[in-house]
Student: 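Handing you a structure now.
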Amino acid sequence: MEEGTAKERRITGARVVACSPGRNFVTLVIETAGGVTGIGDATLNGRELAVASYLQDHVCPALIGCDAGMIEDIWQYLYRGAYWRRGPVTMSAIAGVDTALWDIKAKMANMPLYQLLGGRSRDRVLVYGHANGRDLEHTIEEMQRYREMGYRAIRLQSGVPGLQTAYGVSKDSLFYEPASDALPEEQVWDTARYLAFAPKLFERAREAAGPDIHLLHDVHHRLTPQEAARLGKALEPYSLFWMEDPTPAENQEAFRLIRQHTTTPLAVGEVFNTIHDCRELIQNQLIDYIRTTVVHAGGVTHLRRIADLASLYQVRTGSHGATDLSPVCMGTALHFDTWVPNFGIQEYMRHTEETDAVFPHDYRFEEGALFCGESPGHGVSLDEKLAAKYPYDPKQLPVARLTDGTLWNW
Ligand SMILES: O=C(O)[C@@H](O)[C@@H](O)[C@H](O)[C@H](O)CO
Ligand SMILES: [Mg+2]
């Protein structure tokens, strides 16, 4: 395996590129003396500049002169050396470095990243798309449209009668972008209306879809454990593939209250950033899918550790894949998904054409699955000249309040 000499592997440059081709992204570019460059996604929706500064001001200077091949040592250096461990900003910054280094190592070895991880475990990566509508019937129409596009797994999010907004309902028919304003949009939430409506949506959806389509739903942290148990039970007749983020997961033990009432599979973890956030959930088999990602959970190096722990407890991966995770993350995730033995499903929210033009890539969608490419590395590049035409544009995620004004979980 040709990996270059130590001299060629020496890091000579590390820089952050913040751009906004359709939405904001932060990308780390690492250059080596041998001329091989690697890139990593370090995008944290609504807090992008915090990660950009963490990298530019505190990490990049320390990378110069390091051996790009020492991925594990650099990961430990950045994790333990920070002293202030964990958290989304720190772990997204570490992820950007880690992903770029794996990209370099695979390029120097002249192989696609999944080969370097251990080779192919499957010939395709099952993905789920996002059908959403202003109301129940519109959502069912969108679900049928996604079936016609070839999706075999479809997440349904719908407007809720009596509510102006609900999570996951897009103003666009294909793209969903929640970070819409420079300051958080305030949205109103009513759990009782939602709990009365959601089972009707899935009764209608299962009847329209038949038994062979995987149906998924994202509760987006909005219920208490008991409310989530009630919803999970009500959805059992419709055999969901998973009910995601039913309740905030800082208290991992809370999922026991849900688990004891319902067999609806549970998926959690897109907001997690280390193995410690999910250890109890996995070890106590309180979830079925772990949603941690390359970009927010410390890169390939740490995500492998989470997936290996999960494999001991029959928990499968179901990585987050929204538009605010760049094509660099998606490309890397697909190599990971192609290798990881306990794969479950990959979320796939399509990026806009502007985004895809700035991040050329070799992965492709076909018949409800994504296929990573065979080019060396993770298969995604960054057109910096084009990226410069889309300067960073401050945007934040919404917040949610209950009808009495109580600040709630968005
Ligand atoms: O499962 C999902 O895709 C959602 O939870 C995300 O769209 C999430 O709202 C965004 O990534 C937040 O930036
Ligand atoms: Mg989610």
Side-chain angles (χ1 to χ4, degrees), residues 20 22-26 41-51 88-89 91-92 95 127-132 146 151 153-158 165-172 174-181 184-185 187 189 194 198 214-223 228 231 240-249 265-273 277-278 281 287-297 317-330 333 344-352 355 370 393-400 408-410:
S20 195
R23 67 153 349 272
N24 290 315
F25 296 108
V26 172
D41 186 17
T43 306
L44 184 64
N45 199 2
R47 296 294 182 272
E48 294 89 357
L49 295 188
V51 183
V89 174
M91 300 314 292
S92 298
V127 297
Y128 70 91
H130 288 201
N132 63 80
Y146 268 76
Y151 284 87
I154 304 169
R155 186 188 85 168
L156 303 188
Q157 305 295 144
S158 172
T165 60
Y167 162 71
V169 181
S170 171
K171 299 173 182 91
D172 182 287
L174 195 59
F175 306 108
Y176 171 63
E177 181 46 72
S180 52
D181 299 301
E185 176 199 354
Q187 299 180 351
W189 176 252
Y194 167 73
H214 295 307
L215 298 177
L216 301 89
H217 184 57
D218 191 348
V219 183
H220 221 256
H221 322 277
R222 299 188 181 198
L223 302 180
L231 178 60
L240 264 63
F241 185 90
W242 80 32
M243 176 168 79
E244 175 188 344
D245 282 336
T247 193
L266 302 177
V268 185
E270 68 181 50
V271 298
F272 292 170
N273 49 76
D277 296 329
C278 37
L281 287 167
I287 57 173
D288 302 279
Y289 297 93
I290 185 67
R291 298 224 341 110
T292 38
T293 66
V294 166
V295 62
H296 296 135
T317 64
S319 287
H320 184 206
T323 48
D324 47 283
L325 288 63
S326 90
V328 179
C329 179
M330 180 54 75
I345 197 166
Q346 170 66 51
E347 178 176 3
Y348 178 43
M349 263 196 204
R350 290 169 188 255
H351 289 105
T352 64
T355 297
L370 278 172
D393 176 17
K395 291 276 191 272
Q396 293 206 37
L397 286 168
V399 296
W408 197 243
N409 306 306
W410 172 68

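Here the structure is a predicted model, which means the values were calculated and not measured. Whatever order the structure lists them in is the order used to number ligands and atoms, beginning at 1. The analysis underlying the following values was restricted to heavy atoms, covering all of them including side chains, and did not include hydrogens, waters or symmetry mates.
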Student: For E244, take its heavy atoms, then give the atoms of ligand 1 lying under 4.0 Å from any of them.
Tutor: 1 (O)

Student: Provide the number and element of each atom of ligand 1 under 4.0 Å from a heavy atom of M349.
Tutor: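 Heavy-atom distances to M349 below 4.0 Å select 3 (O), 7 (O).
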
Student: Checking the N or O distance criterion of under 3.5 Å, is ligand 1 in contact with R291?
Tutor: yes

Student: So that I can check it, does any N, O or S atom in E244 come closer than 2.8 Å to the Mg ion (ligand 2)?
Tutor: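 An N, O or S atom of E244 is closer than 2.8 Å to the Mg ion (ligand 2), so yes.
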
Student: Write the atom name of the N, O or S atom in E270 that is nearest the Mg ion (ligand 2).
Tutor: OE1

Student: For R155, which part has a heavy atom under 4.0 Å from ligand 1: side chain, backbone, both, or neither?
Tutor: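 For R155, only side-chain atoms sit under 4.0 Å from ligand 1.
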
Student: Shortest non-hydrogen contact from V295 to A95?
Tutor: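 Minimum heavy-atom contact is O-CB, 3.1 Å.
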
Student: Check the surroundings of atom CZ in R350: do more than 12 heavy atoms from other residues, nucleotides or ligands lie under 6.0 Å from it?
Tutor: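 It does: R350 CZ has more than 12 such atoms within range.
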
Student: Are any of the N or O atoms of H220 closer than 3.5 Å to those of ligand 1?
Tutor: yes

Student: Within the structure provided, determine whether L240 and H217 are in side-chain contact (heavy-atom separation under 4.5 Å).
Tutor: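 With C-beta onward as the side chain, the pair touches.
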
Student: Indicate the ring-plane relationship of Y194 and W189, choosing parallel, tilted or perpendicular according to the 30° and 60° boundaries.
Tutor: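 Rings of Y194 and W189: tilted, as their planes differ by 30° to 60°.
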
Student: Quick one: do D181 and K395 make a salt bridge, cutoff under 4.0 Å?
Tutor: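 Salt bridge: no.
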
Student: Which of these passes side chain to side chain donor-acceptor pair (under 3.5 Å) with Y128: E347, Q346, H214?
Tutor: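 The passing option is E347.
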
Student: Can you find a heavy atom in the side chain of L325 that is under 4.5 Å from one in the side chain of H296?
Tutor: yes

Student: Give the residue, atom name and distance (to 0.1 Å) of the protein heavy atom nearest atom 13 (O) of ligand 1.
Tutor: N45 ND2, 2.8 Å

Student: In the protein, what heavy atom is nearest to atom 3 (O) of ligand 1, and what distance, to one decimal place, separates them?
Tutor: E347 OE2, 2.4 Å

Student: Quick one: do R155 and N132 satisfy side chain to side chain donor-acceptor pair (under 3.5 Å)? Show the steps, please.
Tutor: CA-CA 8 Å; R155 186 188 85 168; N132 63 80; over 6 Å; no

Student: Report yes if the side chains of W242 and L266 come closer than 4.5 Å at any heavy-atom pair, otherwise no.
Tutor: no

Student: Going by the order shown, which atoms of ligand 1 are within less than 4.0 Å of some heavy atom of L397?
Tutor: 13 (O)

Student: Using a heavy-atom cut-off of under 4.0 Å, does the side chain or the backbone of W410 touch ligand 1, or both, or neither?
Tutor: side chain

Student: Which residue and atom name correspond to the protein heavy atom nearest atom 4 (C) of ligand 1, and how close is it?
Tutor: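 Closest protein heavy atom to atom 4 (C) of ligand 1: Y167 OH, 2.9 Å.
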
Student: Checking the N or O distance criterion of under 3.5 Å, is ligand 1 in contact with D218?
Tutor: yes

Student: Give the name of the N/O/S atom in D218 that lies closest to the Mg ion (ligand 2).
Tutor: OD2

Student: Using atom types as modelled and distance alone, determine if a side-chain donor or acceptor of D41 lies under 3.5 Å from a backbone N or O of S326.
Tutor: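 Looks like yes, one N/O pair under 3.5 Å.
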
Student: To check your reading of the model: name the closest protein heavy atom to atom 10 (C) of ligand 1, its residue, and the distance in Å.
Tutor: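 Checking every protein heavy atom, the shortest distance to atom 10 (C) of ligand 1 gives D324 OD1, 3.4 Å.
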
Student: Evaluating non-hydrogen atoms only, which member of R47, Q157, E270 is closest to atom 1 (O) of ligand 1?
Tutor: E270

